[in-house]
Amino acid sequence: MTDHEDPAPVSTDSAAAPPATAATAVPSDPRRPPRWLPRALVMAVAAVFAGILVWRAASMLGNVFTILVISWFLALAMEPMILWLGRRGVKRPLATGITMLGSLVVGIGVLALLGGLFVNQLVALVQSIPGYYADLRGFLDDRFEVTLPRTDELLTNAGDYVDDIAPGVIGVGTSIAGGLFTATAVLLVVYYMASAGPRFRASVCRYLAPDRQREVLRLWEVSQDKVAGFITSRIALAAISTAATWVFLAVLGIPYALPLATFTGLVSQFVPTVGTYIGGALPVLVALSVSPLRSLAVLAFIIAYQQVENLFLTPKVSQRSLALNPAVAFLSVIAFGAVFGPLGAFLSLPVVATVQAVASTYVRRHELVDSALLQDEQPGRTRAPEAELRPPVAPPSDPA
């Protein structure tokens with residue numbers, strides 16, 4: 001028995017002894033960095049370089065994003081016309097082509113009208129420059145004894161500045177070529193988006209869960225209604241404004257009545273709040289060259305038509321498309337224009353209307369409290385200085 005009991009303490013001591021590892025054998029040095037630090041530094045450097053590459057790629061692909069945004073909104077605006085043609089038996093690709101071709105014809109016609117006015121005014125201005133320069137030269141010579149070079153001397157010395165002007169001309173030509181490329185790309189993308197229609201939406205929704213698909217399709221439907229309603233109502237109001245302004249200018253005998261009326265109608269509708277006054281400034285100036293009294297008459301007509309449009313026409317035409325507060329609409333145009341440029345200013349109203357519609361769908365609303373601050377003033381009624389906020393009164397329950 002003694003021979004069998006001797007190994008027990010040895011086995012107990014060996015089991016209790018900790019294993020000889022490097023961590024226990026060699027104590028850690030606090031001056032040495034942790035093992036995860038090199039890997040973290042490498043990952044941080046890689047993340048910085050990846051962020052720089054993504055930022056540069058996004059900045060270089062800014063034109064592509066612009067094309068996608070413009071194409072998407074144009075495709076949404078064309079959808080009602082495409083559906084109208086589709087219900088009459090026209091296939092979707094053909095309906096898309098007819099809608100785009102009709103829109104291009106109308107746009108080219110409007111540009112031709114406005115372009116004729118601008119070209120004529122520019123030619124008249126260029127032809128009058130020598131006379132203005134001669135008058136200025138004589139005025140400075142008589143009053144201040146300052147002698148300016150003659151017109152022929154200016155033309156002789158103009159050749160010395162050709163080398164300085166040439167890069168600017170090349171830059172303008174490059175900008176025009178880039179604009180034509182962007183317009184062509186937009187037309188192609190719009191056609192593919194609009195002609196695909198349901199197939200395009202289905203390809204997007206295949207990557208989403210069923211509940212997310214319903215939300216995306218709901219957002220798509222709201223955006224389509226708001227954008228199409230905005231474009232349709234603006235075109236209708238622009239047509240009415242153009243017709244009324246053209247008739248008034250033609251009666252007064254103002255030159256270029258139709259181009260001026262078209263300019264006023266488009267600017268007054270697609271530049272909110274102050275568009276009527278900006279668009280009416282050009283007819284007033286042209287009428288001023290005819291007669292000061294006619295210029296005042298045109299100014300009075302612009303102001304009167306603005307009131308009639310705000311009180312009667314706009315509520316009837318666009319009350320279902322864009323229910324926006326005027327201050328919110330004006331601030332949204334300024335904000336989007338400052339961030340995204342002219343395109344953002346043009347698309348600000350349908351975007352804000354879409355956001356408002358989506359918010360009204362998904363954001364919970366509560367009952368209003370009973371307060372005099374939430375009620376309009378009535379004649380002969382004085383508001384109490386202290387208005388208590390009482391909790392909302394629950395509606396009476398129906399009797400069983």
Side-chain angles (χ1 to χ4, degrees), residues 77 101-129 131-132 135 229-319 321-322 326 329-330 333-334 337 342-343 345-350:
L101 183 60
S103 302
L104 288 177
V105 170
V106 173
I108 293 174
V110 173
L111 290 178
L113 288 175
L114 297 179
L117 172 64
F118 294 145
V119 169
N120 293 333
Q121 295 296 322
L122 181 61
V123 170
L125 177 62
V126 172
Q127 291 177 351
S128 61
I129 286 177
Y132 291 150
D135 296 339
F230 170 74
I231 299 296
T232 303
S233 62
R234 295 297 103 178
I235 291 177
L237 291 174
I240 297 173
S241 176
T242 300
T245 307
W246 175 58
V247 170
F248 185 82
L249 295 179
V251 170
L252 289 182
I254 306 299
Y256 308 110
L258 183 57
L260 288 174
T262 306
F263 175 80
T264 303
L266 291 178
V267 174
S268 63
Q269 300 308 319
F270 291 99
V271 179
T273 307
V274 295
T276 300
Y277 306 106
I278 296 176
L282 186 59
V284 170
L285 293 177
V286 175
L288 184 61
S289 64
V290 179
S291 170
L293 293 179
R294 296 185 183 183
S295 178
L296 291 176
V298 173
L299 179 61
F301 170 78
I302 295 296
I303 296 175
Y305 182 81
Q306 173 71 10
Q307 305 306 317
V308 173
E309 182 182 274
N310 292 337
L311 295 176
F312 300 102
L313 297 178
T314 302
K316 297 295 182 181
V317 175
S318 60
Q319 61 180 353
S321 58
L322 294 176
F330 184 67
V333 171
I334 295 176
L343 176 64
F346 177 74
L347 297 176
S348 60
L349 294 184

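This is a predicted model, so every value here is computed, not measured. As a basis for the values below, the full set of heavy atoms in this structure was taken, side chains included, without hydrogen atoms, waters or symmetry mates.
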A.B. asks: For residues Ala257 and Ala250, report the shortest heavy-atom separation together with the two atoms involved.
C.D. replies: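 What the structure gives for the nearest pair is CB-N, 4.0 Å.
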A.B. asks: If the condition is side-chain contact (heavy atoms from CB on, under 4.5 Å), which residues does Ser291 pass it with, not counting sequence neighbours?
C.D. replies: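 Checked Ser291 against side-chain contact (heavy atoms from CB on, under 4.5 Å); matches are Leu293, Arg294.
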A.B. asks: Which atom pair, heavy atoms only, marks the closest approach of Glu309 to Gln269?
C.D. replies: OE1-NE2, 2.8 Å
A.B. asks: Rounded at 0.5 Å granularity, tell me how far CG in Leu237 sits from CG in Leu266.
C.D. replies: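 Taking CG in Leu237 and CG in Leu266, the distance rounds to 12.0 Å.
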A.B. asks: For Pro283 and Thr264, which heavy atoms make the closest approach, and how far apart are they?
C.D. replies: CG-OG1, 3.2 Å
A.B. asks: Exactly one of Thr242, Leu249, Val298 should register a side chain to side chain contact (heavy atoms under 4.5 Å, CB included) with Leu260. Which one does?
C.D. replies: Leu249
A.B. asks: Any donor and acceptor pair, going by atom type alone, linking the side chain of Ser295 with main-chain N or O of Val284 inside 3.5 Å?
C.D. replies: yes
A.B. asks: Please name the pair of heavy atoms, one in Val290 and one in Pro255, separated by the smallest distance, quoted to 0.1 Å.
C.D. replies: CG2-CD, 3.7 Å
A.B. asks: Would you name the heavy atoms of Leu252 and Ala297 that are closest together and state the gap between them?
C.D. replies: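 Nearest heavy atoms, Leu252 then Ala297: CD1-CB, 4.1 Å.
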A.B. asks: Which pair of heavy atoms, one from Ile278 and one from Phe263, lies closest together, and at what distance?
C.D. replies: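 What the structure gives for the nearest pair is O-CE2, 4.3 Å.
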A.B. asks: Between Thr245 (side chain only) and Ser241 (backbone N and O only), is there a donor and an acceptor less than 3.5 Å apart?
C.D. replies: yes
